[in-house]
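Working notes, structure below.
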Amino acid sequence: MAQLAVENVTLTFGGVAALSGVSLAVERGELVSIIGPNGAGKTSLLNVISGFYHPKQGRILFEGEEITHLSPHAITQRGIARAFQNIELFSGLTVLENLMLARHTHLRYGLLQAGLFYGRALAEEVRNRRLVEEVIDFMELEPYRKALVGNLPYGVRKRVEVARALALSPKLLLLDEPMAGMTLEEKEDMVRFILEIRARGTTVILIEHDLGVVMDISDRVYVLDFGQVIAEGRPEEVAKNPRVQEAYMGVEA
Ligand SMILES: Nc1ncnc2c1ncn2[C@@H]1O[C@H](COP(=O)(O)OP(=O)(O)O)[C@@H](O)[C@H]1O
Ligand SMILES: [Mg+2]
């Protein structure tokens with residue numbers, strides 16, 4: 001059974017189909033990339049997987065259970081986290097605070113309503129802190145942990161955005177152009193982080209424009225064009241596909 005199954009999903013905006021009949025299956029531990037020209041529907045696909053939009057047709061299963069109509073919050077709690085294309089961090093808070101806040105907002109759910117004892121809440125807080133410190137260490141953000149996010153260079157903020165998603169301890173991590181606008185060196189670092197995340201057993205779905213990177217690190221690639229999957233397969237197969245070459249003409253030199 002696939003860890004994530006998107007089945008025949010259609011999403012429309014006022015009559016315009018951002019996604020039409022999209023199906024995709026991702027196995028646990030895979031690194032799957034989604035590529036396609038601007039406006040192809042890549043971000044929309046992540047939006048329906050993470051519950052920001054609900055499809056008009058089709059369904060989405062995660063670990064065998066349907067999540068199609070769950071809220072983003074409920075989907076995060078099931079183990080799907082997302083780093084946004086447009087960085088969604090609190091610029092007036094530090095790196096550490098942003099990561100702690102992410103855990104609180106998304107995971108510490110109904111603690112008081114559940115009637116838990118203070119000691120239990122405190123123990124959970126200690127655990128949250130330890131997990132967040134691990135992520136900071138893993139993403140090599142130690143020098144910035146007390147820095148306000150708004151004061152950080154763009155490339156570091158992109159890294160914090162990925163760290164924020166990782167702080168939710170996801171089973172499936174969705175990355176929407178995590179390397180966009182980065183320098184070559186920053187990209188190389190991000191590639192290394194993504195490979196290490198996957199090596200630790202986390203499934204990764206990556207949207208990325210740099211085809212060199214995609215072909216290099218992906219187990220499989222899906223190609224979207226005009227809201228439809230036009231090709232799927234191992235990187236070398238996809239690269240040879242005439243429909244892919246056609247869709248990319250004029251987009252990638
Ligand atoms: N919230 C929205 N409202 C209206 N149209 C949207 C919205 N989100 C996406 N679209 C449209 O859906 C299509 C796919 O967009 P998107 O998923 O952002 O593509 P990509 O990420 O591949 O560049 C585009 O035509 C875009 O204009
Ligand atoms: Mg996009």
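Keep in mind that what you see is a predicted model, and the values were worked out from it rather than measured. We count ligands from 1, going down the list as the structure has it; atoms in each ligand are counted the same way.
- For the pair R164 and E161, the salt-bridge criterion is met [side-chain N within less than 4.0 Å of a carboxylate O].
- Looking at G41 next to ligand 1, an N or O pair under 3.5 Å apart turns up.
- Given atom 18 (O) of ligand 1, the protein heavy atom at minimum distance is T43 CB, 3.8 Å.
- L175 and A83 get closest at one heavy-atom pair: CD2-CB, 3.8 Å.
- By the neighbour-count criterion of 12 heavy atoms within 6.0 Å, atom CZ of F138 is densely surrounded, having more than that number from other residues, nucleotides or ligands.
- Protein N/O/S atoms closer than 2.8 Å to the Mg ion (ligand 2), listed by chain and residue number, are T43 OG1, Q85 OE1.
- The contact set between ligand 1 and N38, taken as ligand atoms under 4.0 Å from a residue heavy atom, comprises 23 (O).
- Counting only heavy atoms of the protein, atom 11 (C) of ligand 1 lies nearest to F13 CD1, 4.1 Å.
- G39 O, 3.3 Å is the protein heavy atom nearest to atom 14 (C) of ligand 1.
- A salt bridge links E65 to R78: at least one charged side-chain nitrogen sits closer than 4.0 Å to a carboxylate oxygen.
- Residues L24 and V214 are members of separate hydrophobic clusters, defined by side-chain heavy-atom contacts under 4.5 angstrom among Ile, Leu, Val, Met, Phe, Trp and Tyr.
- Grouped with M1 in a hydrophobic cluster is no other residue, since no side-chain heavy-atom contact under 4.5 Å to another Ile, Leu, Val, Met, Phe, Trp or Tyr is found.
- When only non-hydrogen protein atoms are considered, atom 15 (O) of ligand 1 lies nearest to S44 OG, 3.8 Å.
- A single hydrophobic cluster is not seen to contain both L168 and M100; linkage of ILVMFWY side chains at heavy-atom distances under 4.5 Å, directly or through other members, places them apart.
- Atom 1 (N) of ligand 1 has its closest protein heavy atom at Y53 OH, 2.9 Å.
- Protein heavy atom at the shortest distance from atom 12 (O) of ligand 1 is A18 CB, 3.3 Å.
- Taking the six-membered ring where tryptophan is involved, the planes of F52 and F84 are perpendicular, since the angle between them exceeds 60° and thus also 30°.
- For the pair R159 and Y144, the cation does not sit on the ring face, since its NZ or CZ is not both under 6.0 Å from the ring centre and inside 45° of the axis.
- When distances from atom 26 (C) of ligand 1 to the protein are checked, no heavy atom turns up under 4.0 Å.
- L31 and V162 fall within the same hydrophobic cluster, defined by Ile, Leu, Val, Met, Phe, Trp and Tyr side-chain heavy atoms under 4.5 Å apart, directly or through other members.
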Before giving the answer on salt bridge (charged side-chain N to carboxylate O under 4.0 Å, His left out), spell out for R192 and E188 the whole-Å C-alpha distance, their side-chain angles and the decisive distance to 0.1 Å. CA-CA 6 Å; R192 184 165 52 81; E188 284 170 359; over 6 Å; no

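- The distance criterion of under 3.5 Å between nitrogen or oxygen atoms is not met by V16 with respect to ligand 1.
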